[in-house]
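Numbers for residues simply follow the sequence, beginning at 1. In what follows, every heavy atom counts, from backbone to side chain, and hydrogens, waters and symmetry copies are set aside.
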Amino acid sequence: GLETELDQQYHRLFPNPVKAQPYQPTPSRSRRVVLAELYTGAGCPPCAGAELAFDAALERFSQKEMAFLAYHLHIPRPDPMTNPDTVSRKDELQVRGTPTWFIDGKRDNGGGPREDSPQIFEKKLRGAIEERLQAPAQAELKLQVSRDGQIVKVNCQVEEIQDRTPDLKLRIALTENHIRYTGENGVRFHSMAVRSLVSFSMENGPSSRLEHRFDLKKISTALKEYLDHFENNSERFGKFSFLEKKHLMDPNHLGVVAFLEDTKTKNILQAVRFDLSPAKEGPVDE
C-alpha cells in the first residue's frame with residue numbers, strides 16, 4: 001500500500017495550481033478537434049509548469065475538442081518514457097529543447113516550475129486552443145477502436161480532405177494516459193504519453209480507410225530493449241541505470257489519437273481521440 005499512500009500524499013500536498021473550468025462552445029465553434037503536442041521530459045525541471053498546464057487543458061477540453069500527445073525525451077536527463085518514436089518525431093519537427101509544444105502545428109514554448117502553470121495555461125494555451133476550435137476542419141476522421149487481449153486494432157476512415165497534396169500523412173498514436181513516475185521535475189503523474197506512433201502516406205481518392213494493429217506485448221518488449229541499450233550506449237550520459245524502466249503498459253489506461261498532417265507546412269487538418277477503458281469492450285466508434 002506504499003504507492004497508494006504516496007499517491008494520496010502527493011495529491012494532498014501538490015495539487016495542480018490551475019483550476020480549469022469546462023469549455024463552453026461559442027456559436028463560431030467548428031467541428032475541428034485541436035491537436036496539442038508537448039515535448040517534455042521527466043528529468044526537465046522547467047517542464048513541470050507545462051505538464052501541469054496541459055493537465056488543466058485536459059480538464060477544460062473534452063476529447064471532442066482536443067487531442068493531446070506527450071512525447072517524452074532524454075532532455076536534459078534520461079527519461080524512461082522516451083522511445084524511438086518520440087525521438088523520431090522530435091527530429092522530424094526539429095525540436096531542440098523542452099518544453100516545446102505545437103497547437104495544430106504551430107510551435108510555442110514556455111517553461112517554469114509548477115507555480116508557473118496558471119500563467120502558461122492562461123497566457124499561452126487556453127486562448128490558442130480556443131482560437132483553433134473556431135477554425136474549420138479541413139478533413140473528417142472517423143475512428144474505430146477495439147481490443148482483443150494484447151492487440152489494439154484501429155481503423156481510421158479519412159474523408160472530405162479540403163486540400164489534398166502529396167505531403168499528407170495520417171499518424172496514429174498509441175498513448176498511455178496515466179503513468180506514475182517521479183523524475184527530477186517532481187511531477188508524479190504523466191498524461192497521454194506516446195508509446196507507439198505509426199504513419200501512412202495518403203493515396204489519391206475521395207476517401208481512404210487505413211488499419212493498424214498495436215501489439216502491446218511486442219511494443220513493451222521493444223521499449224525494454226531500447227531502454228536497456230540506452231543505459232549502456234548513451235554517448236551523452238555514459239553508462240547508468242534508470243531508477244525505473246517504464247516499458248510495461250497498463251491496459252486500463254490506453255488511448256488512441258489519429259491526426260492528418262501536411263508534412264511540408266506542418267498544418268494539422270484534423271485530429272480524433274479515443275480513450276480505451278475496461279468497460280468499453282469490442283468495437284467503439286468515435
Ring centroid separation Y39 to H72 under 6.0 Å: no
May I ask you to test the [X]-[Y] pair for a side-chain heavy-atom distance under 4.5 Å?
| X | Y | answer |
| --- | --- | --- |
| L141 | Q157 | no |
| Q63 | V272 | no |
| F68 | L58 | yes |
| P80 | Y181 | yes |
| K153 | D148 | no |
| C44 | P76 | yes |
| N155 | L143 | no |
| V194 | L174 | no |

Geometric class of the Y10/F14 ring pair [parallel <30°, tilted 30-60°, perpendicular >60°]: tilted
Geometric class of the F230/H74 ring pair [parallel <30°, tilted 30-60°, perpendicular >60°]: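 Aromatic pair H74/F230 classed parallel.
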Within one Ile-Leu-Val-Met-Phe-Trp-Tyr cluster: I219 and V257, side-chain cutoff 4.5 Å: no
Are [X] and [Y] close enough for a salt bridge, meaning some N to O gap below 4.0 Å?
| X | Y | result |
| --- | --- | --- |
| E176 | K246 | no |
| K266 | E261 | no |
| E92 | R171 | yes |
| E160 | R31 | yes |
| R60 | E130 | yes |
| K239 | E231 | no |

Looking at [Y], is its backbone amide N or carbonyl O close enough to the side chain of [X] to form a donor-acceptor pair, meaning the two atoms are under 3.5 Å apart?
| X | Y | value |
| --- | --- | --- |
| T221 | K217 | yes |
| S30 | L133 | yes |
| Q119 | D116 | no |
| E59 | P22 | no |

More than 12 foreign heavy atoms under 6.0 Å from [atom1] of [X]: is that the case here?
| X | atom1 | value |
| --- | --- | --- |
| N232 | CG | yes |
| E131 | CD | no |
| I151 | CD1 | yes |
| K264 | NZ | no |
| R96 | CZ | no |

Heavy-atom pair with the smallest gap, counting every atom of [X] and [Y]:
| X | Y | answer |
| --- | --- | --- |
| Q134 | S28 | OE1-OG, 2.8 Å |
| P15 | R114 | O-NH2, 3.8 Å |
| A20 | A56 | CB-O, 3.5 Å |
| E184 | G43 | OE1-CA, 3.1 Å |
| I120 | G49 | CD1-C, 3.7 Å |
| R273 | A67 | CB-CB, 3.8 Å |

Working for salt bridge (Lys or Arg N to Asp or Glu O under 4.0 Å), residues D228 and K245: CA-CA 9 Å; D228 288 345; K245 290 182 182 173; 2.3 Å; yes
Criterion side-chain contact (heavy atoms from CB on, under 4.5 Å) against M192, the qualifying member of L38, L69, I179, D275: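 Of L38, L69, I179, D275, side-chain contact (heavy atoms from CB on, under 4.5 Å) with M192 is met by D275 alone.
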Identified side-chain contact (heavy atoms from CB on, under 4.5 Å) counterpart of D104 within the set I129, N267, I268, L269: I268
Quick one: pull up [atom1] in [X] and [atom2] in [Y] and give me the separation to the nearest 0.5 Å.
| X | Y | atom1 | atom2 | answer |
| --- | --- | --- | --- | --- |
| L197 | N83 | CG | CG | 9.0 Å |
| C47 | F54 | SG | CZ | 11.0 Å |
| L223 | M81 | CG | CE | 12.0 Å |
| L248 | R195 | CG | CZ | 8.5 Å |
| L170 | F259 | CG | CZ | 8.5 Å |
| N109 | W101 | CG | CH2 | 6.0 Å |

Pair [X], [Y]: side-chain N/O donor-acceptor within cut-off below 3.5 Å:
| X | Y | answer |
| --- | --- | --- |
| D55 | S191 | yes |
| T40 | E51 | yes |
| Q9 | R188 | no |

F189 and H11: CA distance, side-chain angles, deciding distance, ring-ring contact (aromatic ring centres under 6.0 Å, His included) verdict: CA-CA 10 Å; F189 300 106; H11 286 305; 5.0 Å; yes
